[in-house]
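The first residue in the sequence is number 1, and the count goes up from there.
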Amino acid sequence: MSNRRSFLRLGAGLAAGGLAAGLPAVATAAPATKWDEEVDVLVIGSGFAGLSSALNAKRQGLGKVLVLEKMQVIGGNSAINGGWFAVPKNPIQLSQGIDDDSPAELVKDQMISGRGMADEAMLTQIAEHALGAYHMCVDAGVEFRKNFNIQVGGHNKARAIRTKHGTGGDITTKLYEAGKKEGVEYRLQHYIEDFILNSQGEVEGVMVRRGYRFPDQKTGSLIRIKANKAVICASGGFTRNMALRAAVDPSLDPTLDGTNHLGATGEVMLAAMAHGALPVHLNMIQTGHWGSPDEGGFGWSNALLSIGWHEGISVSVLSGKRYMNERADRLTCSTAIMKNRHQDGTPAYPLVLFNYNDHPDDDRVVRALRDEMAWKVDSLEQLAEKFNLPLTELKQTLAQWNAQVSKRTDPDFGRKMDTAVELKPPFVVSRIWPKVHYCMGGLKTDMGGRVLDCRTMKPIKKLYGAGEVTGGVHGHARLSSTSCLECLTMGMIVPKTIKADA
């Protein structure tokens, strides 16, 4: 089923909050008369959640496991993300002398970020599996940066580790290799047209377009694959489905670029919803406040600003002044950034600056300067001229900031100042503007990952969900470094649920 057909099938009854008023009253798919292939567990999607689910399904002894990926490469959005992973009590954290963290501390931060809409029980379960997911990665050969564990936006502890190369591909490649070694089968260019249900509403398998070439939905040939024990939806979010994005959140600036790959269009989620799967929080779409208007897609800005947010400041080009707590959560920062506009409503891209001499050989700085999504400036005068800032106000801002650094206090915005440094030229300067990044909404599941039916509020038999395709976990805003955590841990939990159900 194509994005458009799935979307139209849902009809106008899909409210912005994600309620299921417009969904059909009965399942419409007829039982398959002929299966082209049969497996035990079918996993849709090959990001963190899909790879973890497949590997752990094998380890649970669930039989033949097949992963279907619609694109031409393994990994989805996970392969291009920043490689951040929140793990309370991780070995690096403990070696730094931080021994007062816990899963409960992480959940406390997530509940604040969720603005009253997060699922505390689900977040607790996920946090309690964090160390297990970390060890699964390490055992598969994933390398994390030596002695690197920092406090990222919205967290009250330093608990975020990062992969060696600063990309999620460090994890997806190793989990893929581990799965291959243990007997998981992977297939690329397989597009899910629809789920196939029997007369009792139980998922029996899927209709697949084999040989699909994105984005042409007429390519490939249709086959039916039966799943004896489970179909796991791990297909990610829908930020690149512009029609759906606009329908569920008309307030979201349609001109915003996105960090996700072009195939993040949500058709698997829509197909499940058309068979009664309950959607929640679809209007809660998150922007990443570390986006750069000077590069497309995910880019390097996220890596560069892991320095800028901690050591430097962000200033408005309109006023030359700071305008936010640079270490707040994503929603808080994105909202503050997007208020910076010219009188005609066009973006007035704010700047982030930090000391060049503190990081001249850092690969994050070298790459950013090479690709011209950041610049080295030798003085405040040069900075003001290049970006058309009011020089007098800019000088006052830096003088005030440096005084606050010496006192380790920020009376203006309440920022935590433990990593702040006095600023002096030359500077690394980059422009920022949020990018659409993550869908907090999706299919509602129970604690075990069973997808719920909106008509009965009970699980749809043999249909499971893991990762960004699911909703209702993080609430209004997800904290940085917790998507990797959720996807990997639910990939451990769901196979246990399937084994119990089977």
Side-chain angles (χ1 to χ4, degrees), residues 1-11 14 23-24 26-39 41-47 49-50 53-54 65-74 76 185-199 201-228 230-238 240-244 261-277 279 442-443 451 453 460-470:
M1 182 183 298
S2 70
N3 298 351
R4 180 170 174 78
R5 286 167 56 200
S6 298
F7 185 44
L8 292 177
R9 189 171 173 183
L10 290 172
L14 181 60
L23 295 177
V26 293
T28 59
T33 57
K34 180 178 181 295
W35 297 104
D36 298 285
E37 187 176 355
E38 192 171 316
V39 299
V41 176
L42 181 71
V43 181
I44 305 171
S46 67
S53 294
V65 179
L66 173 63
V67 177
L68 299 182
E69 167 61 54
K70 78 174 183 181
M71 304 302 281
Q72 294 176 309
V73 293
I74 291 290
E185 184 177 354
Y186 304 88
R187 293 183 197 163
L188 302 174
Q189 296 179 263
H190 278 61
Y191 179 95
I192 304 301
E193 283 276 329
D194 205 355
F195 294 95
I196 299 172
L197 284 67
N198 62 23
S199 58
E202 176 182 307
V203 172
E204 290 194 323
V206 292
M207 180 79 76
V208 184
R209 188 167 290 277
R210 179 177 57 189
Y212 166 75
R213 295 189 299 277
F214 176 84
D216 188 350
Q217 293 173 358
K218 296 180 181 179
T219 54
S221 57
L222 293 177
I223 62 171
R224 290 186 176 100
I225 301 178
K226 184 178 183 182
N228 292 320
V231 174
I232 304 175
C233 298
S235 50
F238 59 88
R240 291 293 188 174
N241 187 329
M242 301 305 289
L244 180 57
H261 72 98
L262 295 178
T265 45
E267 67 279 346
V268 174
M269 177 192 74
L270 292 171
M273 287 161 56
H275 289 291
L443 305 177
V451 176
D453 190 319
I460 299 174
K461 291 184 178 180
K462 299 203 307 189
L463 184 62
Y464 303 82
E468 191 180 355
V469 73
T470 64

Measuring from atom [atom1] of [X] to atom [atom2] of [Y], what distance do you get when rounded to the nearest 0.5 angstrom?
| X | Y | atom1 | atom2 | answer |
| --- | --- | --- | --- | --- |
| L66 | I232 | CG | CD1 | 11.5 Å |
| L463 | H275 | CG | NE2 | 9.5 Å |
| L270 | L443 | CG | CG | 9.0 Å |
| E267 | M269 | CD | CE | 9.5 Å |

With sequence neighbours left out, what residues match [X] under side chain to side chain contact (heavy atoms under 4.5 Å, CB included)?
| X | answer |
| --- | --- |
| A49 | A234, A466, C487 |
| R210 | H190, S221, I223 |
| K461 | E202 |

Results of side chain to side chain donor-acceptor pair (under 3.5 Å) for [X] - residues two or more places apart only:
| X | value |
| --- | --- |
| R213 | none |
| E185 | R187 |
| S46 | E69 |

Judged by atom type as modelled, is there a donor-acceptor pair below 3.5 Å linking the side chain of [X] to the main-chain atoms of [Y]?
| X | Y | result |
| --- | --- | --- |
| E204 | L197 | no |
| T470 | E468 | no |
| D453 | A277 | no |

- request: Measure across F195 and I44 and return the closest heavy-atom pair with its distance rounded to 0.1 Å.
  value: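 Looking at all heavy atoms of both residues, the closest pair is CE2-CD1, 4.0 Å.
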
- request: Answer whether the closest heavy-atom distance between the side chains of I225 and L68 falls below 4.5 Å.
  value: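 When only atoms from C-beta onward are counted, L68 and I225 do touch, with a gap below 4.5 Å.
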
- request: Applying side-chain contact (heavy atoms from CB on, under 4.5 Å), run through I192 and K70 and close with a yes or a no.
  value: CA-CA 8 Å; I192 304 301; K70 78 174 183 181; over 6 Å; no

